[in-house]
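Here is the structure we will look at, set down as structure tokens.
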Number of protein chains: 2
Amino acid sequence: MTVGVRHDDLRRRNRAMVVGAVRRATQPSRTEIAATTRLSNSTISAISSDLIAEGALVEVKSGETALARRGRPQVALGLNPGFDSVVSVVLTLNQLWTSLISYDGTVADEAVQRLPTMTMGKDELAEAVVEAVRCLLQRGPRRRRPARIALAVQGITDSSDSRLLWSPITPHSDIAFGPLLEERLGIPTTVQNDCNMIAVALKWRWPQRYGADFFAVLLSNGIGMGLMQKGQLFTGTHSSGGEFGHMIHVPHGALCRCGRRGCIEAYAGNYALVRSAAGGAETDPPAADIGQAEIEALADAARASEGRERAAFRRAGEAIGYGMGNLFALFDPAPVAIVGPGALAFDILEEPIRAAIAQTAGGQHSGAISFATEPNEMPLIREGCAMTALAFVDDQVAARASAPAAHQPGRAMA
Amino acid sequence: MTVGVRHDDLRRRNRAMVVGAVRRATQPSRTEIAATTRLSNSTISAISSDLIAEGALVEVKSGETALARRGRPQVALGLNPGFDSVVSVVLTLNQLWTSLISYDGTVADEAVQRLPTMTMGKDELAEAVVEAVRCLLQRGPRRRRPARIALAVQGITDSSDSRLLWSPITPHSDIAFGPLLEERLGIPTTVQNDCNMIAVALKWRWPQRYGADFFAVLLSNGIGMGLMQKGQLFTGTHSSGGEFGHMIHVPHGALCRCGRRGCIEAYAGNYALVRSAAGGAETDPPAADIGQAEIEALADAARASEGRERAAFRRAGEAIGYGMGNLFALFDPAPVAIVGPGALAFDILEEPIRAAIAQTAGGQHSGAISFATEPNEMPLIREGCAMTALAFVDDQVAARASAPAAHQPGRAMA
DNA sequence: TTAATTTTTTCGAGGCTCGAAAAAAAGAGC
DNA sequence: GCTCTTTTTTTCGAGCCTCGAAAAAATTAA
């Protein structure tokens, strides 16, 4: 913050507080908002009446009177679903999910399609995304153009959240999804890392479990991580950062999908489990796409008896555990969410993970570290993506200095 | 930020901006401050006249007219050295440095003493620090009590910056320096990690080289790191964090001073170099305090010919390089400062460090990463410590709502 | 129907920043 | 030495913003 705070910044921030309070709480009254924001009732009254006049908020007449108390009943405020909308797009290996989200966060429409991402051309892939969004927007009732698109992809995005720098789902690099979608559809677009979206979603869904500090580790074909630190989503300085899966576990170690040697992913990714359980050499080339069934069969075999499968999971757990220990050395220990297909094998992974953490700087707290599992990552990614897009709209709403109110009768001039 | 912005926060922030601008720039004029803060001239005028009335700032009559231009000459504003003072204390293995710093950042007095930190009792050590500060304060001319003490130590501090949780310079853990010094001397005290202070100092000294993002790696008997990310000093959530030296380089690897196996320090710390060059086993117990001369002899031997010494430095560089590569995977690449005695051997370390980084996720930029060396870490630690203490005073100054002005004539009431 | 209670709005006071104008403090030119 | 020009700094009124107190509104309890 090198720049001074001007007078209008104050209003903007307090408007953001009010919108944020309404989004976080479920239909709070003005008095409740005043309590959580610690602003005075008069300020909340002024700001909320502005926001209602602008159409962002609505007074909700709850049919069931919440609590028949004495006194003037509280008036619940809610987000006006029709005020605006956003699009959340999730691009995974061979699949493309699109959702239309109302301003209040409800899903208005949704679509999934298959897409051969690995074999498509660069432009072809980008155009497919444009087309999918266009299709989604055209098939519903006639609506205003959404205010924002958020696109989540596995891989590395740039710091301006507009480009996909690298991803395992496509052989192409540096795809400018942001500028392209903006040009073709006229909608500002951000590109986000999928694991970061998982972290965002976890915080929204279970704010008491996933508070200011936690790790979300995605165990799937690749290994990803999203990290909340001091209440903020952690990102790199030039990119999405947090490339946990490609931290080096063993120098000169197993061959990774990324071409390097000894990455955590090269021990804990699905392809690594298959390679290791099959008794292949660590330098055998990684398989492309492993089916979920194959991994489950491996896990069952590992549960059944000692053998190559169990050893493979042990090596995977060790890689994850040492990696997490290194994270703890940097960030300090925090709760961990194990997300994705790998969560189904967490019963086999937990012991080696904890054993490895105990060997690291985070080790003194090894027993106290809480793990939770969440096998299905897709709903989280979509939800995080939607909330990220909505956060942009909320910022815009907060910044919109009490709208010019042109052609808007019923509003007295001061 | 869950709490609303009230009206007085605005003034507080803008006062902080002005104080900060004066501290950063060298005696700027009001107009220059207005330019850097983007506040209006009237606001700067009002705030700076308040700050002058309160005694924090002074108008500096520079003997040499900076630039004989036409028009009313600018009046330079400076920090009033006599306004307040702070104490910076640096506790290292067997040494204790204390400095009295004026509000303008100049060193008013300074003292060093030897101290057998490894053999002293817990209370004894703490009392020695109290006594050293008391001694420093008593020997000069009679002054007001300093506003703040900042204590820098190698090791891990807690998140409230008041306790030393663990340190290699003493066998004791969890020493409450903060509360103790505050109780005994009546001066609020913060305890800080030494490498974090190095990072702070680098940013103050060479803001263009060490800007918003850089790593400061201390190579000494132990391995430490301070990290600036997005303009902020990086710290853990419960502790000072950033324990680079105790990230695991090789699982089940060499024995570290901390008792664990395979830490980066166990390959790159002074004791590790000596152990490795002597042909000792990786599990040989680490030596306590290695003299600087011994390391320089090792480095000379390594420069002279291929052999065990050169191999030791190569292993050290590899450990550092892989560790930095892992940092780059999380934070993204950034300039690196190699600080401390190890900087003198950087000519031998650079090649293996770069080679290792090239094997990691940060590898694509391996050649572009800039290294700078700074062999003498003590001045940096003391400087960072002083600036940290002064930052607290600046915050207080900013928060002090235009002082009651009691018994202060010559100030018209509005 | 009246009293009590709680929420929400209204209103004036006090602060803060800003732009414009005025004041201040120099050099330039004659 | 005097006036004009230029630049910095201060002054002053306008416009916002938040706050506390009081008023208004909307309900239950008696």
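A, B, ... follow the sequence lines: proteins, then strands. Residue 1 opens every chain.
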* To do: Evaluate side-chain contact (heavy atoms from CB on, under 4.5 Å) for T237(A) paired with K230(B), printing each intermediate quantity in order.
  => CA-CA 7 Å; T237(A) 45; K230(B) 299 174 188 172; 4.0 Å; yes
* Asked: Given atom CG of D50(A) and atom P of dC16(D), what is their separation to the nearest angstrom?
  -> 13 Å
* Asked: Going 5' to 3' along nucleotides 20-29 of chain C, which nucleotides have protein heavy atoms under 4.0 Å from the base (write B), which only from the sugar-phosphate (write S), and which from neither (write -)?
  -> ---BBBBBS-
* Are any of the side-chain heavy atoms of T189(B) and R148(B) separated by less than 4.5 Å? -> no
* To do: Let me see the working for T43(A) and S40(A) under side chain to side chain donor-acceptor pair (under 3.5 Å), right down to the final yes or no.
  => CA-CA 5 Å; T43(A) 302; S40(A) 71; 3.0 Å; yes
Strictly under 3.5 Å: I want the nitrogen or oxygen pairs between protein and nucleotides 14-17 of chain C, one per line.
from    : atom 1 : to     : atom 2 : distance (Å)
dG14(C) : N2     : H7(B)  : ND1    : 3.4
dT17(C) : OP1    : N14(B) : ND2    : 2.7
dT17(C) : OP2    : R11(B) : NE     : 3.1
dT17(C) : OP2    : R11(B) : NH2    : 3.2

* Distance, rounded to the nearest Å, where R38(B) contributes CZ and dC18(C) contributes C1' -> 16 Å
* Asked: Do the two ring centres, one from F234(A) and one from F331(B), sit under 6.0 Å apart?
  -> yes
* Going through the checks in order, is the side-chain contact (heavy atoms from CB on, under 4.5 Å) test met by I149(A) and V86(A)? -> CA-CA 6 Å; I149(A) 299 172; V86(A) 297; over 6 Å; no
* With salt bridge (charged side-chain N to carboxylate O under 4.0 Å, His left out) as the test, would you mind laying out the steps for K61(B) and E59(B) before giving the verdict? => CA-CA 6 Å; K61(B) 305 274 182 267; E59(B) 296 195 340; 3.6 Å; yes
* Can you check the E59(A) CD to dT7(C) P distance for me, whole Å? -> 15 Å
* How many Å lie between CD1 on I44(B) and C1' on dG19(C), as a whole number? -> 15 Å
* Structure fact -> Rounded to whole Å, CG of N41(A) lies from C1' of dA24(D) at a distance of 14 Å
* L227(A) CG to F214(A) CZ distance, which is reported to the nearest 0.5 Å -> 8.5 Å
* How long is the line joining CZ of R30(B) and P of dC18(C), in whole Å? -> 17 Å
* How far apart are the C-alpha atoms of T157(A) and S240(A), what are their side-chain angles, what is the distance that settles it, and do they pass the side-chain contact (heavy atoms from CB on, under 4.5 Å) test? -> CA-CA 5 Å; T157(A) 64; S240(A) 44; 3.3 Å; yes
